[in-house]
Amino acid sequence: MKNYFKDIIALFTASSQNEEMKRKFHGWLIDDEHSDEKDLALYEFWTKVQGKEDEHTEKALQEVYAKSGLRLAPKRSINWLRPLGAAAAVAALLVISVYVTYQQTKQKYTEIATVENYVSPGQMRLIELPDGSRVQVNSGTILLYPEKFVGSTRTVFLVGEANFKVKKNPEQPFIVRSSTMAVTALGTEFNVSSYSDDSEVTATLLEGKVKVVCGIEGKSYVLEPGEQVVYDKNMGTSRLCKAEMEDVTAWQRGELVFRSVTVDEMLTILQRRFDVTFHYRQGRFNADKYNIRFSDKASLEEVLTIMKAVAGDFTYHINQKGCYIK
């Protein structure tokens, strides 16, 4: 299968994907049949691509971005998605779309249309799913789900962050899948953060009970309200901890919370929040971590002013092309 998958990747890099092919892939991805194999394929591709940067890789990533419609930031800029992390996610999704061409006998994958919701940086959206479940989606997030839930599960695919209020249906469990985590619930409220450019994926339970399965090793947890599972994508490890609930839900109220993050991580979050591209010299900031909270009315300029005072002296200039930091 691994050699076969290499052939699929080679085929993908040499061809383009039309909209019909992408729709077929979406339907196949969220179908619960062979879900373990699909999770393993996504995870292995993610870990293989992530962190490798050379001339050949950069060229391949440029092709991926061109095909996906996203833009790849220059080396000295950071985009709303970190180039390698985003490329791993996008490439993993689109590579498997090629695999669908070899599955023409399995028509059930394409019988149900798939809805793709993309929430732009600087925006939030409330979505009602076909079963009546409600999802508040954070900025810079992709949520895929079928037009109608059929089969034994209600499965959606998430890249980014969302809060789920799930309508109870014991006969059809609700599953949220990301690149390295699957969260299963019957009827509950929980938050999942799975941005491709973040080093950690988190699942936090607000009400009810959920089962969380992490990584390629399949380690699982059953959460009680107030508990959180954190999966480290770089280390391939997971941990169970108590969640700071006010911090977890802050984004839904429009608040901005930095909890034990570096300046580089702050800038990544700000890009999603304010839809701005930061330009600065890589390695400009140290690895010190900070805790800062802002109200829902804080502007980008106000946030940067506080960051200057807390994290050290720097200057910035904002224009139509982004924010330049010196």
Side-chain angles (χ1 to χ4, degrees), residues 70-83 85-86 118-127 135-143 159-163 191-202 204 206 228 230 243-326:
L70 296 175
R71 66 189 192 278
L72 183 61
K75 279 183 173 290
R76 292 188 179 277
S77 303
I78 55 175
N79 206 344
W80 71 276
L81 291 174
R82 184 182 302 144
Y118 169 63
V119 180
S120 302
Q123 304 294 319
M124 285 194 295
R125 186 180 304 164
L126 182 62
I127 297 172
V135 186
Q136 187 169 356
V137 185
N138 205 352
S139 58
T141 295
I142 300 172
L143 179 67
V159 179
E161 183 172 23
N163 176 273
N191 193 91
V192 178
S193 181
S194 179
Y195 285 105
S196 60
D197 55 343
D198 287 349
S199 61
E200 295 181 336
V201 180
T202 62
T204 308
L206 282 74
Q228 179 183 77
V230 180
E244 294 288 344
M245 303 304 290
E246 286 295 312
D247 292 351
V248 172
T249 60
W251 68 269
Q252 299 176 63
R253 300 185 296 274
E255 298 173 8
L256 183 61
V257 176
F258 297 132
R259 179 70 65 183
S260 188
V261 295
T262 65
V263 173
D264 286 322
E265 291 169 332
M266 290 183 195
L267 296 178
T268 298
I269 295 170
L270 291 178
Q271 289 188 127
R272 295 194 291 253
R273 173 65 176 265
F274 293 102
D275 191 16
V276 61
T277 299
F278 287 96
H279 305 266
Y280 66 98
R281 177 175 55 82
Q282 297 299 314
R284 163 67 178 82
F285 300 103
N286 57 38
D288 291 346
K289 295 187 176 183
Y290 304 92
N291 299 314
I292 313 175
R293 179 184 291 270
F294 297 93
S295 73
D296 60 330
K297 297 180 175 59
S299 66
L300 176 60
E301 290 82 357
E302 290 172 333
V303 173
L304 289 174
T305 298
I306 297 299
M307 286 176 58
K308 282 178 56 178
V310 173
D313 187 33
F314 62 86
T315 62
Y316 66 89
H317 172 68
I318 302 175
N319 59 27
Q320 293 181 344
K321 295 182 179 181
C323 180
Y324 294 83
I325 295 179
K326 296 182 180 180

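To the nearest 0.5 angstrom, E255 atom CD is 9.0 Å from R273 atom CZ. Distance check, rounded to the nearest 0.5 Å: CG of L256 to CG of L300 gives 10.0 Å. The CD atom of E265 sits 7.0 Å away from the CD1 atom of I269 when rounded to the nearest 0.5 Å. If you take OG on S260 and CG on D247, they are separated by 11.0 Å, rounding to the nearest 0.5 Å.
Side chains of L270 and F258 form a contact here, defined as non-hydrogen atoms less than 4.5 Å apart. Contact annotation: the side chain of L143 never approaches that of Y118 to less than 4.5 Å [non-hydrogen atoms, C-beta and beyond]. Using a 4.5 Å cut-off on side-chain heavy atoms (C-beta onward), V135 and R125 make no contact. Counting heavy atoms from C-beta outward, K308 and Y316 have side chains that approach closer than 4.5 Å. Between F278 and I325, the closest side-chain pair of non-hydrogen atoms falls below 4.5 Å. Looking at heavy atoms from C-beta onward, C323 lies in side-chain contact with L304 at the 4.5 angstrom threshold. In this structure, Y290 and V261 have side chains that are not in contact, with every pair of non-hydrogen atoms separated by 4.5 Å or more. Proximity of M266 to V303: side-chain heavy atoms (C-beta onward) are nowhere separated by under 4.5 Å.
Between E244 and R259, no side-chain nitrogen of the basic residue sits less than 4.0 Å from a carboxylate oxygen of the acidic one, so the salt-bridge criterion is not met. A salt bridge links R253 with E246: at least one charged nitrogen is closer than 4.0 Å to a carboxylate oxygen. Ion pairing between a basic and an acidic side chain is recognised when a charged N comes within 4.0 Å of a carboxylate O; D197 and R272 show such pairing.
In this structure, T262 and A287 approach most closely via the heavy-atom pair CG2-O, 3.6 Å. Scanning both residues, S139 and P121, for their nearest heavy atoms gives CB-CA, 3.9 Å. Shown here for S193 and D198, the closest heavy-atom pair between the two residues is OG-OD2, 4.4 Å. Contact between M245 and L206 at its shortest, heavy atoms only, is CE-CG, 3.6 Å. A250 approaches V257 most closely through the heavy-atom pair CB-CG2, 3.5 Å.
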For the pair R284 and D264, evaluate salt bridge (Lys or Arg N to Asp or Glu O under 4.0 Å) and give the outcome as yes or no after the intermediate values. CA-CA 9 Å; R284 163 67 178 82; D264 286 322; over 6 Å; no
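When atom types are taken as modelled, the side chain of E161 and the backbone of Y195 share no donor-acceptor pair closer than 3.5 angstrom. Judged purely by atom type and a 3.5 angstrom limit, N138 has no side-chain atom pairing as donor or acceptor with the backbone of A162. N319 contributes a side-chain N or O that, together with a main-chain N or O of G322, makes up a donor-acceptor pair within less than 3.5 Å. The main-chain N or O of V137 is never found under 3.5 Å from a side-chain atom of T141 such that the two would form a donor-acceptor pair.
Partners of E302 under the salt bridge (charged side-chain N to carboxylate O under 4.0 Å, His left out) rule, at least two apart in sequence or in another chain, do not exist in this structure. For D288, there are no salt bridge (charged side-chain N to carboxylate O under 4.0 Å, His left out) partners, not counting sequence neighbours. For Q252, the side-chain contact (heavy atoms from CB on, under 4.5 Å) partners two or more places apart in sequence, or in a different chain, are Q136, N163, N191, T249.
Taking the six-membered ring for Trp, Y280 and F314 have ring centres at least 6.0 Å apart.
Note on ring orientation: taking the six-membered ring where Trp is involved, the planes of H279 and Y324 are parallel (angle under 30°, cut-offs 30° and 60°).
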